[in-house]
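Chain letters run A, B, ... following the sequence lines, proteins first, then strands; residues in each count from 1.
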Number of protein chains: 2
Amino acid sequence: MSTPGKKEQIYAAARALFSTRGYAATTVRDIAKEVGIRGASVYAHVDGKERILWDLVIEAADAFRDAVRPIMASPLAPDEKLRLAMAEHVTVIARNIETSTIYFHEWQHLSPARKRAVRDRRDTYEQLFRAVIAEGMKKRVFAKRDPRHVSIVLLSSLNGVSTWFRPSGPLSPESLGALYADLLLKGILR
Amino acid sequence: MSTPGKKEQIYAAARALFSTRGYAATTVRDIAKEVGIRGASVYAHVDGKERILWDLVIEAADAFRDAVRPIMASPLAPDEKLRLAMAEHVTVIARNIETSTIYFHEWQHLSPARKRAVRDRRDTYEQLFRAVIAEGMKKRVFAKRDPRHVSIVLLSSLNGVSTWFRPSGPLSPESLGALYADLLLKGILR
DNA sequence: TTTCCTAACTAACGGTTGTTAGGCAAAGAT
DNA sequence: ATCTTTGCCTAACAACCGTTAGTTAGGAAA
């Protein structure tokens, strides 16, 4: 390698462009321009456009799983597990705002097979939350509701942070995670 | 008119395609095919592709404003106003799931001037929520937090329903609105 | 009947898309 | 000193993009 990590530069440009303009509205030549090379030269480093999207989507899916799975596997009480998991989930989004946005909005442009793989991983991840929510309801620490509804409302609410959070703002990823966990556990009413 | 409402058929097709594939990945010929005409014939009914997007975005923005503004102008207590507004907001999404999804995700593909107009309307709408939240905190019925943070966390959480709700499912738009309002007001803990 | 209008058509425009082929210069290995 | 690899280039491909121009068929209005 002449320049260290030219491939990583391409992925960094793709992260920025896919997350702001969207996958379909971003061209390979756009990515190349950001890196300072011609469009065709991208193919010396990468298989193709969809492969970049796939790698970025997996990168995000891994980040969420690696952050939350150990918490769910710990012997903490359900309310503490959920609080930590929610905070960690939001923190992962805030710390990887571009990749997370791509994960949430652009995975549907993958091939059918890869789309299926993403859906499977997402379902497995969601199951982690559903289990601890059901456990908390059984132990009467959470209000009794349909755990399927609560888990999906919860996760989609947390994911909303990707639509408005900007790293340049005053809130740190950690304080943001705490805010979301607190608000969703205790509600707005006092 | 030979067929009644051919223009509306075009908009219906655009609603379905823009909301599932996204604006950039939808071609004028795709829309035409859905209606049963050729791509060029679309231009007998519509100014152009971006004009369709603009009309759909305004359609959604109007639906939210018209549903929530009268509630906020009523003389109810802040917690009741907020509960009704949240429920109504979610109900509007569920009842217009395609247009709402376009409003949330595709408005950024508009021209700069139209993008600015959308942002202004959204800010005005968000202000309605911020005001009632601040009022509720002042009257000590809501836990004291930064109203800016709470309003944006709240609205982005409610908007999350657009990512998973399907009209074919078991939940009605109204029960969905009640679920969200209850959960976000009182939290998961009992 | 003749004229006009409408909604559709085909053809084409200039430009862009993701991607491949082939070449060339520099650097590393033998 | 020669060979091989690497990283980029230009040129080009076939397909597709939003949109315009010109045409045609059919019904309404005169």
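We find that NE2 of B/His109 is positioned 15 Å from C1' of D/dG18, with the value rounded to whole Å. For the pair A/Arg38 CZ and C/dT19 C1', the computed distance is 17 Å after rounding to whole Å. Nucleotide D/dT10 holds its P atom 17 Å from the OH atom of A/Tyr43, rounded to whole Å. In this entry the distance linking CZ of A/Arg21 with C1' of C/dT16 reads 14 Å, nearest Å. Atom pair A/Lys7:NZ and D/dC8:P shows a separation of 13 Å (rounding to whole Å applied). If you take CG of A/Asp30 and C1' of C/dG18, they are 12 Å apart, rounded to a whole angstrom. For A/Ile52 and C/dT19, the CD1 to P distance is 9 Å, given to the nearest whole Å. As rounded to whole Å, 13 Å separates atom P of D/dG18 from atom CD of B/Glu50.
Under 3.5 Å, the side chains of B/Ser156 and B/Asn159 contain no donor-acceptor pair of N or O atoms.
Closest approach of A/Glu126 to A/Ser151, counting heavy atoms only: OE2-OG, 4.0 Å.
Proximity of A/Arg29 to the phosphate of C/dT16: no side-chain N or O atom is located under 4.0 Å from OP1 or OP2. A close approach under 4.0 Å does occur between a side-chain nitrogen or oxygen of A/Lys6 and OP1 or OP2 of D/dC8. Between D/dT6 and A/His45, no contact under 4.0 Å exists linking OP1 or OP2 to a side-chain N or O. For the OP1/OP2 pair of D/dC9 and a distance below 4.0 Å, the side-chain nitrogens and oxygens of A/Ser41 include at least one atom meeting the criterion.
With C/dT17, D/dT10, D/dG18 as the candidates, the nucleotide lying closest to the side chain of A/Thr27 is C/dT17. Comparing C/dC9, D/dT19, C/dG18 by their nearest atom to the side chain of A/Lys49 picks out C/dG18. Of the candidate nucleotides D/dT19, C/dA8, D/dC8, C/dA8 has the atom lying nearest to any side-chain atom of B/Ile37.
Using a cut-off of 4.0 Å between Lys/Arg side-chain N and Asp/Glu carboxylate O, B/Arg65 and B/Asp62 are scored as salt-bridged. Between B/Glu88 and B/Arg69, none of the side-chain N atoms (NZ, or NE/NH1/NH2) sits under 4.0 Å from a carboxylate O, so this pair counts as no salt bridge.
Note on B/Leu76 and B/Met137: separate hydrophobic clusters, where clusters join Ile, Leu, Val, Met, Phe, Trp and Tyr whose side-chain heavy atoms are under 4.5 Å apart, directly or indirectly.
The residue among A/Tyr23 and B/Gly36 whose nearest nucleotide of DNA chain C lies closer to the 5′ end is B/Gly36.
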